[in-house]
Protein chains: 2
Amino acid sequence: MLTQITKRADVALPYGDDASALAISKNLVAALKADMLVGTTDMPPGMTLRQAGRKAVVMNVSDFASKGIQPKAAMVSLGLPSGTSRSHVKQLARGVNEGAREYGVHILGGDTNRASDLVVSCFLYGTAKRSNLIRRDRARSGDSVFTSGDFGHQAAGLRVLLGRGKAPKGLRRELVRPALRPEARLALGLALAKTRAATSAIDSSDGLAWSLYEIARASRVGIELQRLPASDLARRFARLNRVSLSDLVLHGGEEYELVFTARKNRLGLLPADLGRSLIHIGRVTEEAGHVAMADGRQIEVRGWDHFAR
Amino acid sequence: MLTQITKRADVALPYGDDASALAISKNLVAALKADMLVGTTDMPPGMTLRQAGRKAVVMNVSDFASKGIQPKAAMVSLGLPSGTSRSHVKQLARGVNEGAREYGVHILGGDTNRASDLVVSCFLYGTAKRSNLIRRDRARSGDSVFTSGDFGHQAAGLRVLLGRGKAPKGLRRELVRPALRPEARLALGLALAKTRAATSAIDSSDGLAWSLYEIARASRVGIELQRLPASDLARRFARLNRVSLSDLVLHGGEEYELVFTARKNRLGLLPADLGRSLIHIGRVTEEAGHVAMADGRQIEVRGWDHFAR
């Protein structure tokens, strides 16, 4: 779609980055983000309408988080299948409001429409200092690569919900929670922006491998992955179901963690509680577009195509 | 949906007005609007994808126009049915870009999703002086009521496209044009804001009668309609098809004209070319919520529910 669009030369974030930004004054920008939740592709079985409404907001907040932007307001357009009751709309709206309020956002308006699918189209607005924005394309050779948390259990949780994997009750509960109730790393994104600790960042909702490739592509660098940030829950699920752990970790999607690059010595500027949860996974190299393990094995890139059923 | 939402006390346009607005600084506001086009309900037969993309933007611009706000940027989320080809997406995107550029807007980003319906979810952003915003709820008894143009041919055009009315070739062409290629009255809206000529305004896309009732409700006034702003094309269609002209004029919908109230002597401040096209249709009275013809007949209110097929 972007090929058909008349571009502005003066945008404050490049086209195709996690969010868009436009100058208000010399160092103040308006930031915008639009991301749509579609029931058939973004609502795993077992997700309630309230959780779907909340998720529609959180997935937008996560993109703002990765750019270091505090969202202020949101607009929400709903597409509602015929037969949607007033009570269903209330549950959806409650979820939307809940997701917004968790991150300091107010819903200002929107509209409702009849549609075949459930559609929750969310639009986020905020303001930020231009000089604090964290782009995808500023990773530099020598930087360290971090994630805001570990991976794999989210993909495992989706498999459980989709009936594609088994887990005993306790594990199951822990696995499905992030799939039904994702969280955006807004406090971390804002702290990275404020301290200017990160050189580049991206939201991981298209999968860890895809996110690494995207930073590498945009920044014209390579990435050497020294450690898979696999969670213990993912390890247990992988063992139990005899599936590939690295697959869960690298090609999951819908994680809403931040993947970012930074000069290692800058991270001391972060509040201790935020710094503690970071996972150092590798380093930025000069080999443009090359994303590989430390032993040289190249990492496969696969697009995250929701969980089409 | 609005009942579930945590309201901000400091919004610059009331909840439920044509657009939303939030302060950036003392007299500068960020304006936001979200309106979704759904193929099955908003695309009459005969409308191309390019026209649909364009319409999705224009219907949002029309809401900004009614508040006197220049839109600057838009985000567009697409829902695409399976089987949508690359060429289809290009046509849609071309239309979206076309609608944006006609009104000085740049598309900054968005996303694409799989959905059962074609969905074009458009979000508009702009900035405005707070003191220039035109609200729905400031009509005062004694004001005159105007429309930005005449009514009836748009509804007739939809009926023709839907096979619910006949028209000879020449008339048919003139009737369907505004239905396939609507235009927003942005220049007029901006001039009304700049001259502070209007006391209240609304976009007429839900029908003229509904718009009049909405101004009356929000402003706690009545409206006496002294003249039906029927177009000649609508007259010809009504005669030919033996349908009610006042029905076409009052209960059409999708017109994208402005309906506004003003002190009559303020309109001299408008540029002459904009002033000439205005139609004086009535006056604001003290009888809260009462919308009637000059002879006392009350005007029926009917919600515009798209053209469900």
Side-chain angles (χ1 to χ4, degrees), chain A residues 1-8 11 13 15-17 19-22 24-25 28 30 32-38 40-42 72-79 89-94 96-97 100-101 106-117 119 121-123 125 127 305-306 308, chain B residues 1-8 11 13 15-17 19-22 24-25 28 30 32-38 40-42 72-79 89-94 96-97 100-101 106-117 119 121-123 125 127 305-306 308:
Chain A
M1 171 160 155
L2 274 175
T3 55
Q4 306 303 314
I5 296 303
T6 310
K7 311 283 193 305
R8 281 182 75 117
V11 287
L13 280 171
Y15 283 83
D17 210 316
S20 305
L22 203 62
I24 292 173
S25 59
L28 191 69
L32 306 172
K33 174 69 199 178
D35 203 356
M36 178 187 276
L37 177 142
V38 180
T40 42
T41 52
D42 297 310
K72 277 193 183 151
M75 307 287 283
V76 179
S77 287
L78 298 178
V89 179
K90 264 194 185 174
Q91 290 167 49
L92 254 183
R94 231 173 251 164
V96 164
N97 192 56
R101 299 306 302 136
H106 281 91
I107 308 292
L108 292 190
D111 67 323
T112 57
N113 307 271
R114 219 181 309 156
S116 307
D117 288 316
V119 176
S121 186
C122 182
F123 169 53
Y125 159 81
T127 55
D305 193 21
H306 298 277
Chain B
M1 170 159 156
L2 274 175
T3 54
Q4 307 303 314
I5 297 302
T6 310
K7 311 283 193 305
R8 281 182 74 118
V11 289
L13 280 171
Y15 284 83
D17 210 316
S20 304
L22 203 60
I24 292 173
S25 59
L28 190 69
L32 306 172
K33 174 69 198 177
D35 203 357
M36 179 187 275
L37 176 142
V38 180
T40 42
T41 51
D42 297 310
K72 277 193 183 151
M75 307 288 281
V76 179
S77 287
L78 298 178
V89 179
K90 266 194 185 175
Q91 289 166 49
L92 255 183
R94 231 172 250 162
V96 164
N97 193 55
R101 300 305 301 135
H106 281 91
I107 308 292
L108 292 191
D111 68 323
T112 57
N113 308 271
R114 220 181 308 156
S116 307
D117 288 317
V119 175
S121 187
C122 183
F123 297 107
Y125 159 80
T127 55
D305 192 21
H306 299 278

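Each chain gets a letter, A, B and so on, in the order its sequence line appears, and its residues count up from 1.
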Peer 1: Sort Leu78(B) into side chain, backbone, both or neither according to what part of it lies under 4.5 angstrom from a heavy atom of chain A.
Peer 2: both
Peer 1: Looking at Ala34(B), Ala100(B), Ser25(B), which one has more heavy-atom pairs under 4.5 Å with chain A than the rest?
Peer 2: Ala34(B)
Peer 1: Among the options Thr127(B), Val38(B), Thr3(B), pick out the one with the most heavy-atom pairs lying under 4.5 Å from chain A.
Peer 2: Val38(B)
Peer 1: Applying side chain to side chain donor-acceptor pair (under 3.5 Å), name anything that partners Ser20(A), two or more places apart in sequence or on another chain.
Peer 2: none
Peer 1: Check whether Asp111(A) reaches the backbone of Met36(B) with its side chain - one donor and one acceptor, N or O, closer than 3.5 Å.
Peer 2: yes
Peer 1: For Asp117(B) and Val119(A): C-alpha separation, side-chain torsions, deciding distance, then whether side-chain contact (heavy atoms from CB on, under 4.5 Å) applies.
Peer 2: CA-CA 10 Å; Asp117(B) 288 317; Val119(A) 176; over 6 Å; no
Peer 1: Quick one: which of Val76(A), Ile107(A), Leu108(A) gives a side-chain contact (heavy atoms from CB on, under 4.5 Å) with Ile5(B)?
Peer 2: Ile107(A)
Peer 1: Heavy atoms only: give me the nearest Arg8(A)-Lys72(B) pair and the separation to one decimal.
Peer 2: NH1-O, 4.4 Å
Peer 1: Work out which heavy atom in Ala73(A) is nearest to a heavy atom in Leu22(B); give both atom names and the distance.
Peer 2: CB-CD2, 3.9 Å
Peer 1: Using the side-chain contact (heavy atoms from CB on, under 4.5 Å) criterion, which residues pair with Thr6(A)? Sequence neighbours excluded.
Peer 2: Asn97(B), Arg101(B), His106(B)
Peer 1: Hey, could you give me the CG/OG1 distance between Asn113(B) and Thr41(A), rounded to the nearest 0.5 Å?
Peer 2: 6.0 Å
Peer 1: Please determine, among Ala115(B), Gly110(B), Cys122(B), the option with the most heavy-atom pairs under 4.5 Å with chain A.
Peer 2: Ala115(B)
Peer 1: Going from NZ on Lys90(B) to CD on Gln4(A), what distance comes out if it is rounded to the nearest 0.5 angstrom?
Peer 2: 5.5 Å
Peer 1: Side chain, backbone, both or neither: which part of Ile24(B) has a non-hydrogen atom closer than 4.5 Å to chain A?
Peer 2: side chain
Peer 1: Could you check Leu32(B) against Phe123(A) for side-chain contact (heavy atoms from CB on, under 4.5 Å), going step by step and ending with a plain yes or no?
Peer 2: CA-CA 9 Å; Leu32(B) 306 172; Phe123(A) 169 53; 3.8 Å; yes
Peer 1: In terms of side-chain heavy atoms, does Ser116(B) have a donor or acceptor partner in Ser116(A) at a distance below 3.5 Å?
Peer 2: no
Peer 1: What are the two closest heavy atoms between Ser77(A) and Asp35(B), and how far apart are they?
Peer 2: OG-N, 3.9 Å
